[in-house]
Each structure stands twice: as C-alpha cells, then as structure tokens.
There are 2 protein chains.
Amino acid sequence: MKHSGKPGRDTRKRILDAAEYLFSHNGFHRTSIKQLASEAKVNLAAINYHFGSKMALIEKVIERQLRPINQQRVERLAAIRQTAARKGCRPLAEDLLHAFIEPAFTINTQMQERRYLLALAGRAFSETDTAIRTIFINQFKPPFMLLFQAMREALPDLPEDVLLWRLHFAIGAMTHCMRLCSVDSPSADLCPQADDSETQVKMLMEFVTRGICTPYQPVEKRSKRR
Amino acid sequence: MKHSGKPGRDTRKRILDAAEYLFSHNGFHRTSIKQLASEAKVNLAAINYHFGSKMALIEKVIERQLRPINQQRVERLAAIRQTAARKGCRPLAEDLLHAFIEPAFTINTQMQERRYLLALAGRAFSETDTAIRTIFINQFKPPFMLLFQAMREALPDLPEDVLLWRLHFAIGAMTHCMRLCSVDSPSADLCPQADDSETQVKMLMEFVTRGICTPYQPVEKRSKRR
DNA sequence: GTCTATAGATTGATAGAC
DNA sequence: GTCTATCAATCTATAGAC
C-alpha cells in the first residue's frame with residue numbers, strides 16, 4: 001500500500017522537469033525516453049510506469065507549461081472586457097494585446113535559467129507532428145478565441161477577416177520572438193541582443209499594436225515591381 | 001560507362017520531388033528513407049547512392065527550394081538600392097520589405113498544388129535540429145543582411161537594435177503566414193481563409209510596414225497592469 | 001514503486017550480385 | 001545505375017523479479 005507519497009511524486013516531477021528541458025532544446029521526437037531517464041536520473045521503465053507512453057508525457061509537459069499562461073490570459077482579457085463594459089466604453093486594443101502577449105514572457109520564466117521554456121511554447125504552430133500540434137492548439141484556442149472576440153469589440157470597423165489575419169501575424173511575431181529569446185541558436189549573429197523580457201515585450205507590443213490598429217486600406221500604390 | 005544520362009537524372013529528380021513533398025508535410029526526422037523511396041518509386045538504396053546520406057539529401061532539398069527565392073531577394077534589394085542611389089534619395093522601406101517578402105510567396109508556388117512548399121521554407125527558425133537549422137540560416141543570412149543594411153539607410157533615425165528587433169518580428173509574421181498558408185492544420189478553424197497569395201502578401205506587407213516604419217518611442221503609458 | 005532484461009519494430013546505411 | 005539482402009544501432013514499450 002502506497003503511503004510514503006514522496007518518492008513517487010518526486011520521480012514524477014523529476015521526469016517532467018527533465019522532459020521540459022530536453023524537449024525545449026532538442027524537440028519532442030529527437031528526445032528518447034532513454035535520454036529522459038538519464039537526465040532525470042530515474043529508471044528507464046519509470047517513465048512508462050508514471051505516464052503510460054511517450055505521447056502522454058508530451059501532453060502532460062505541454063499542459064503543465066501552457067496552462068498557467070493561458071489561464072492568466074483568459075483572466076486578464078475577461079477583466080479588461082468587464083471594466084470596459086462597466087464604464088460603457090470599448091476595451092482598448094492595446095490592453096487586450098498586452099494581456100495576451102505578456103504572460104508568455106513572464107510566467108514560468110522569471111528566472112533567466114528557465115527561459116528555454118519559451119522555445120517550447122513558441123513551437124506551437126511549427127510542430128510537424130499533427131498529434132502534438134493538436135495538443136498545442138487545443139491549449140491555445142480558448143484564450144485566442146477570447147482575444148479575437150474582444151478585439152472585434154475594440155476595433156469594430158476592421159473587417160473580420162482582416163483582423164484575423166493581423167492577429168495571426170502578431171502570433172507569428174510573438175512565437176518567433178519566444179524562440180529567439182529562448183536558447184542558443186546558429187543564427188546568433190543575426191539576432192538582437194536578448195535584453196530583459198520587459199524590453200522585449202515593450203518592443204513586441206509596439207510592433208503589433210501599430211500593425212493591428214490601422215484602418216484597413218491598401219497601402220499607397222506601389223510605384224514599380226522591378 | 002554512363003552515357004544514357006536520362007535515367008540517373010530522372011531518379012535524382014524524383015527523389016528530390018518526393019523529399020520536398022514528404023519533408024514539407026511530415027518534417028525531416030519523421031520522414032524515413034523507406035518512405036521516400038516508396039513515394040519516389042525508386043529503390044531504397046538509390047537514395048544513399050545519389051546523395052550519400054539523408055542529411056546530404058535534406059541539404060540539397062533546402063537549397064533547391066530556397067536558392068531562387070533568396071537570389072531574387074538579393075537582386076531586387078540591390079536594384080532598389082541602386083535606383084535610390086542614382087536618384088540621390090533614400091530607398092523606401094516599404095519597397096525593401098516587399099522585395100524581401102514577396103518572392104517567398106510567389107517563387108515555386110505559382111501553382112496552388114505546390115503551396116505546401118511554403119511550409120518547408122517557413123520552418124527555418126523553428127527547426128529543432130541544429131544541423132538543419134544551420135543549413136536554413138546559411139541560406140537565409142545573405143539576403144537578410146542585405147535587407148538590414150538597406151533598411152538602415154531607409155530609416156536612419158531608428159536605433160539599430162530596435163530595427164533589428166522589428167525585422168525579426170516581421171520575419172516571424174512572415175514565416176508564420178507561410179506555415180498557415182501551406183497545408184492542412186488542426187488549427188483550421190482558427191485560421192483566416194487562405195486567399196490568393198496576392199492578398200496575403202498585401203496584408204502582410206501592410207502589417208509589417210506599419211510595425212517597422214514607426215518612430216521609436218514607448219507607446220503611451222499603460223493605465224494599469226491588472 | 002523500482003529495477004533488469006528484453007521483446008518487437010524501425011531506422012540509416014552498406015555490401016555485393018547483376 | 002539498380003537491385004536484394006542485411007547489418008548494426010536505436011527506438012518505444014513491457015514482462016517479471018525484487
């Protein structure tokens with residue numbers, strides 16, 4: 001009968017931590033459970049014992065990392081909406097975008113040593129495995145839909161499909177930034193110096209806010225194509 | 001003695017085509033040589049015979065797809081610079097961005113059936129394998145550096161590091177768009193309808209141009225954080 | 001719950017006949 | 001150049017002793 005409690009929980013946590021680290025750096029498929037066991041200093045069989053399969057472990061790792069981020073997104077978006085409704089005015093697009101973007105850069109990554117986690121979250125849309133991408137998307141969908149709805153209120157004159165495109169462009173800029181900010185890259189010399197996350201969020205916010213909050217009309221006619 | 005010429009070239013091309021298709025859809029590591037041989041309808045050993053190794057094939061596939069895109073980028077950027085210099089004025093940031101972005105969406109993908117190739121090119125920065133990412137980055141670097149230099153001329157008042165960040169945000173928006181436009185996705189219901197590539201480029205251009213060509217200053221102070 | 005040992009499948013790559 | 005056959009390595013997952 002299990003009553004010690006500790007050793008089991010500890011093993012589970014060690015596996016999750018090691019998985020976060022290795023998945024972030026090497027991706028899901030290029031990380032074997034043998035590597036995981038070695039990194040976590042647990043027995044190879046323990047992983048399948050505690051999680052059932054590698055895919056189930058992947059799911060748990062993704063969930064553990066994304067849930068607090070997305071929860072805070074939803075809470076903050078709802079709060080902004082409520083405040084606006086109370087005041088009888090529209091929510092500010094900039095506030096909504098900030099509520100969506102900032103949690104990704106601050107939750108779980110306060111410590112510089114854990115910034116590699118950004119890579120994991122930033123891989124949502126570029127994962128080639130459909131099963132894994134589905135796990136990501138399912139986590140991502142609720143806060144994104146909420147953002148979309150709220151942005152429709154904030155920018156009622158923007159056509160719906162244009163807004164959706166622009167939100168996706170913003171997502172692309174954000175996830176790319178998360179990947180760049182996370183770990184070692186062979187593109188190091190192309191990259192801006194990784195400043196503090198506050199600066200990153202500020203610059204990203206400025207970029208996407210300008211890109212999104214612009215009345216829709218084709219930019220002035222191009223003079224020549226080439 | 002080899003004199004027929006045809007069968008060899010044909011096999012090589014069939015392998016490259018099949019590799020493009022499978023790599024685009026399933027990623028590099030999740031595509032096995034056996035699958036490749038089956039898709040290309042060639043013998044399993046032919047792949048190692050013609051390319052030496054799987055990694056060498058990956059490199060050839062990436063090069064074949066990115067070279068014409070990047071070549072056009074470089075040519076167009078250089079032409080814009082030259083024209084501006086001849087007129088004694090600065091190049092237009094918008095023209096430069098267009099010269100960099102548009103080739104990705106038009107070269108090799110004129111036919112709707114080949115749009116899956118966008119996924120391959122869009123995976124440059126999200127690949128977890130360092131060796132593969134290095135291949136991508138090496139192809140990407142020359143036109144990107146040229147864009148950066150030209151943009152410095154176009155926007156001399158923008159601090160260098162701010163410009164670099166913004167260019168990366170634009171890259172993120174672009175690659176994300178390329179991934180979305182390419183293939184089947186479990187996020188289908190989150191995605192804007194895949195219009196024609198002309199509309200996509202237009203909207204993307206509008207977004208990044210606004211985001212980049214803005215004087216640098218923190219957006220107005222945020223009223224409250226939460 | 002933890003461990004050893006191993007099954008069972010798949011991988012990239014190669015040797016050698018034709 | 002093309003093919004068959006196969007190697008050696010690696011992978012996920014499990015069975016069974018402790």
Side-chain angles (χ1 to χ4, degrees), chain A residues 1-62 127-132 134-135, chain B residues 1-23 25-62 127-135:
Chain A
M1 184 181 183
K2 177 178 179 291
H3 62 289
S4 68
K6 260 302 169 209
R9 298 281 316 161
D10 188 58
T11 299
R12 228 184 120 86
K13 184 175 183 312
R14 284 223 307 284
I15 294 172
L16 281 171
D17 289 340
E20 256 179 5
Y21 182 83
L22 291 175
F23 288 161
S24 294
H25 286 82
N26 307 327
F28 299 104
H29 285 101
R30 287 166 35 79
T31 302
S32 69
I33 34 186
K34 187 179 281 189
Q35 283 177 277
L36 278 171
S38 165
E39 171 78 20
K41 299 189 195 344
V42 302
N43 187 272
L44 189 140
I47 292 173
N48 277 310
Y49 173 80
H50 282 285
F51 296 94
S53 72
K54 185 184 177 180
M55 187 56 82
L57 170 62
I58 291 175
E59 190 162 358
K60 282 279 179 297
V61 168
I62 294 175
E127 176 59 51
T128 54
D129 186 305
T130 308
I132 297 179
T134 302
I135 298 171
Chain B
M1 184 182 181
K2 177 178 179 292
H3 61 288
S4 69
K6 260 302 169 212
R9 298 281 316 159
D10 188 56
T11 299
R12 227 184 122 85
K13 185 176 183 311
R14 283 225 307 284
I15 293 172
L16 281 170
D17 289 339
E20 255 179 6
Y21 182 83
L22 290 176
F23 288 161
H25 286 82
N26 306 327
F28 299 104
H29 286 101
R30 287 166 34 80
T31 302
S32 70
I33 309 242
K34 188 179 279 186
Q35 281 177 280
L36 277 171
S38 165
E39 172 77 20
K41 297 189 195 345
V42 301
N43 188 272
L44 188 144
I47 292 171
N48 277 310
Y49 173 80
H50 281 285
F51 295 94
S53 73
K54 185 184 178 181
M55 187 55 82
L57 170 62
I58 291 175
E59 188 162 358
K60 281 279 180 295
V61 168
I62 295 175
E127 176 59 50
T128 55
D129 185 307
T130 308
I132 297 180
R133 201 166 58 223
T134 302
I135 298 171

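Residue numbers start from 1 in every chain, and the chains themselves are labelled A, B, ... in the order their sequence lines are given, proteins ahead of strands.
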| said: I'd like to compare against my own output: the B/S/- annotation of nucleotides 11-18 of chain D with a strict under-4.0 Å heavy-atom distance to protein. | reply: SSBB----

| message | If I take atom CD1 in residue B/Ile15 and atom P in nucleotide D/dT2, what distance separates them, rounded to the nearest angstrom? | response | 8 Å

| Does D/dG1 have OP1 or OP2 sitting under 4.0 Å from an N or O in the side chain of B/Thr11? | no

| field | Flag if over 12 foreign heavy atoms under 6.0 Å of OH, B/Tyr21 | value | no

| task | Using whole Å, report how far CG of A/Asp10 lies from C1' of C/dT2. | result | 14 Å

| request: Would you kindly give the NE2-to-P distance between B/His50 and C/dG12, to the nearest whole Å? | output: 18 Å

| request: Check whether any side-chain heavy atom of A/Tyr49 lies under 4.5 Å from a side-chain heavy atom of A/Asn43, and answer yes or no. | output: no

| message | Please list all pairs meeting salt bridge (charged side-chain N to carboxylate O under 4.0 Å, His left out) that have one or both residues in residues 23-35 of chain A, counting only residues at least two apart or in different chains. | response | A/Arg30-B/Asp129

| query | Are any non-hydrogen side-chain atoms of A/Phe51 and A/Leu16 less than 4.5 angstrom apart? | reply | yes

| said: Counting only side-chain nitrogens and oxygens, does A/Asn43 get under 4.0 Å of the OP1 or OP2 atom of C/dT4? | reply: yes

| Partners meeting salt bridge (Lys or Arg N to Asp or Glu O under 4.0 Å) with A/Glu20 (sequence neighbours left out) | A/Arg64, A/Arg114

| For the student: nearest non-hydrogen atoms of B/Arg14 and B/Val42, plus distance | NH2-CG1, 3.5 Å

